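Let me begin by presenting the structure, written as structure tokens, before commenting on it.
On a predicted model such as this, the values are computed, not experimentally measured, just so you know. The chains referred to below are lettered A, B, ... by the order of the sequence lines, with proteins before strands, and numbering in each begins at 1.
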Number of protein chains: 2
Amino acid sequence: MPRSVSPASLTPTPAPLGPDQPTMTHAEKIRDQLEHEIASGHLIPGVRLDESEIADRFGVSRTPVREAFRLLAANEMVELKGRMGATVRKPSAQTVIEMFQVMAELEGLCARLAARRVTPELRMRMERTHAQLVDASRKSDVDGFYDINQTFHETIYEAASNHYLAEQTRRLRNKTAAYRRRVTFQPNRFASTLDEHSRVMEAIFSHNEEAAHSTMRDHVNLLSDDMRDFIASFQ
Amino acid sequence: MPRSVSPASLTPTPAPLGPDQPTMTHAEKIRDQLEHEIASGHLIPGVRLDESEIADRFGVSRTPVREAFRLLAANEMVELKGRMGATVRKPSAQTVIEMFQVMAELEGLCARLAARRVTPELRMRMERTHAQLVDASRKSDVDGFYDINQTFHETIYEAASNHYLAEQTRRLRNKTAAYRRRVTFQPNRFASTLDEHSRVMEAIFSHNEEAAHSTMRDHVNLLSDDMRDFIASFQ
DNA sequence: TATGCACAAATTGTATACACTGCTGCCGTG
DNA sequence: CACGGCAGCAGTGTATACAATTTGTGCATA
């Protein structure tokens, strides 16, 4: 039986331990946790974030909570409305579509650079990840598919050798995570994704930059297309 | 005589009045002012930002200053180093090059969408802006050239009709402003820029999406090339 | 002279108290 | 009954005080 997708879970999962710096300030820990809860869907877009309530939940004062809000605000994960409080950002359907368009282009650039710079070692890792994805698809393992898919894209970021680009793309992926996650359910997306990934890999391995760029862009845009109806229902 | 470029000025200029909301919090005002001072070059990358000092300067307590730092941090204008203070972000030469590569792609996407959606009204505005740019070039008006060039790109963002994309591109332009500004000095860049803009416009007006994308991308990449030596000297 | 440790000063992180704003609900009036 | 104003409240913005950590300085020692 496939694991249930995270948003269905009732208790917030802890954020996957990040850099785990020993001197991590409270504000940063709260930021990471809230960001994770937003991306995973535990915090629904539009809900108000109460400073005192969250402060109590984490057992700290309002100060670090406020700082976490500011950090999240500039990441566009939450919206600050003056004295009217902070809310989980709820982009309009139009904005979500626009975000996907930008993401498609950034992912496309990643693929283009990957086609230029891919190494045999990375090629092997991509193929192995792809095989895992096929496996998850066979088992209808939704969560597994979602995670391995993430790894596949991460590997391409790495092959692109542009840390700044990787970071920006990763951020955008995270911002759209709450929306992408739902589409993973659609059974026909499994097959389509695998097929599209194959074409992207083929282009990258043959060092065909243009093809890598366009196939990856189309891959993300197709995802976007599949989501439009669903996105509209978000509003 | 050409006006001197801003970084040469000794006194920080006030931030150009933005949205100017009546209920603008201290933290937001400080953020805008500091962001402007960083982009204009008055605050040099790498310098430490002292909370108390800035608090005194703005006549407020440390609290709103700290919040402004957090807001700037997520915009990647400022780097927070735990208890070791905040500094104006100083990206490595490698990172600056990477930022330009991403910006080239985003500007390219703007041009692509503009080619698809440009209206006669916007075409007229672009041509008018271009004429102003030619004029500034003749007068060797460096600051004017810089500002009008900004307007030219803004017009393309508008033609692209993707607000999210426009915002992201604008941000990245702002982050690279301190570096781009220096290159404007180079006399040969005037002529090259005018020529490249002409080609971009031609592609956009003829609704040639691919050409619009690639000419704009090349335009930004050429700027990046002209900067590499200079960027290296920043370190 | 160079190195290591200890202590002091400076600076940031957090908590708490107060000020101010926007909202809610009630009441009076038309 | 509908509408407008006023008071009280809830919640954010700011200031200040205190705790924790980093950094710099000086001295002792090899």
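- Using a cutoff of 4.0 Å between basic side-chain nitrogens and carboxylate oxygens, A:Arg70 and A:Glu67 are not scored as salt-bridged.
- Side-chain atoms of B:Glu107 and B:Tyr157 form a donor-acceptor pair, as typed in the model, at a separation below 3.5 Å.
- Ion pairing between a basic and an acidic side chain is recognised when a charged N comes within 4.0 Å of a carboxylate O; A:Lys90 and A:Glu79 show no such pairing.
- Of the candidates C:dC20, C:dG13, C:dT11, C:dG13 carries the atom nearest the A:Thr25 side chain, counting heavy atoms from C-beta on.
- The CZ atom of A:Arg83 sits 15 Å away from the P atom of D:dG11 (whole-angstrom rounding).
- Distance CD (B:Glu51) to C1' (D:dT22): 14 Å, rounded to an integer number of Å.
- One atom, CZ of B:Arg70, and another, P of D:dG13, lie 16 Å apart when rounded to the nearest Å.
- Rounded to an integer number of Å, the gap from B:Lys81 NZ to D:dT23 P is 10 Å.
- Atom CE in B:Met24 sits roughly 17 Å away from atom C1' in D:dT12 (whole-Å rounding).
- For A:Arg62 and D:dG11, a side-chain-to-base donor-acceptor distance below 3.5 Å is absent, hydrogens and geometry of angles not being considered.
- Here A:Phe58 and A:His26 keep their ring centres 6.0 angstrom or further from each other.
- With rounding to whole Å, B:Glu67 atom CD is found 13 Å from C:dG13 atom P.
- With rounding to whole Å, A:Leu49 atom CG is found 20 Å from D:dA10 atom P.
- Between B:Arg66 and the phosphate of C:dG13, there is a side-chain N or O to OP1/OP2 separation shorter than 4.0 Å.
- In the set D:dT14, D:dT22, C:dT14, D:dT22 carries the atom at the smallest distance from any side-chain atom of B:Met84.
- Residues forming a side-chain hydrogen bond (donor to acceptor under 3.5 Å, both in side chains) with A:Thr176 (at least two apart in sequence, or on another chain): A:Arg180.
- Rounded to an integer number of Å, the gap from A:Glu79 CD to D:dT12 C1' is 16 Å.
- Taking the side chain of A:Arg48 as heavy atoms from C-beta on, and the options D:dT22, D:dG11, C:dA15, the nearest nucleotide is D:dG11.
- Between A:Ser61 and the phosphate of C:dA15, there is a side-chain N or O to OP1/OP2 separation shorter than 4.0 Å.
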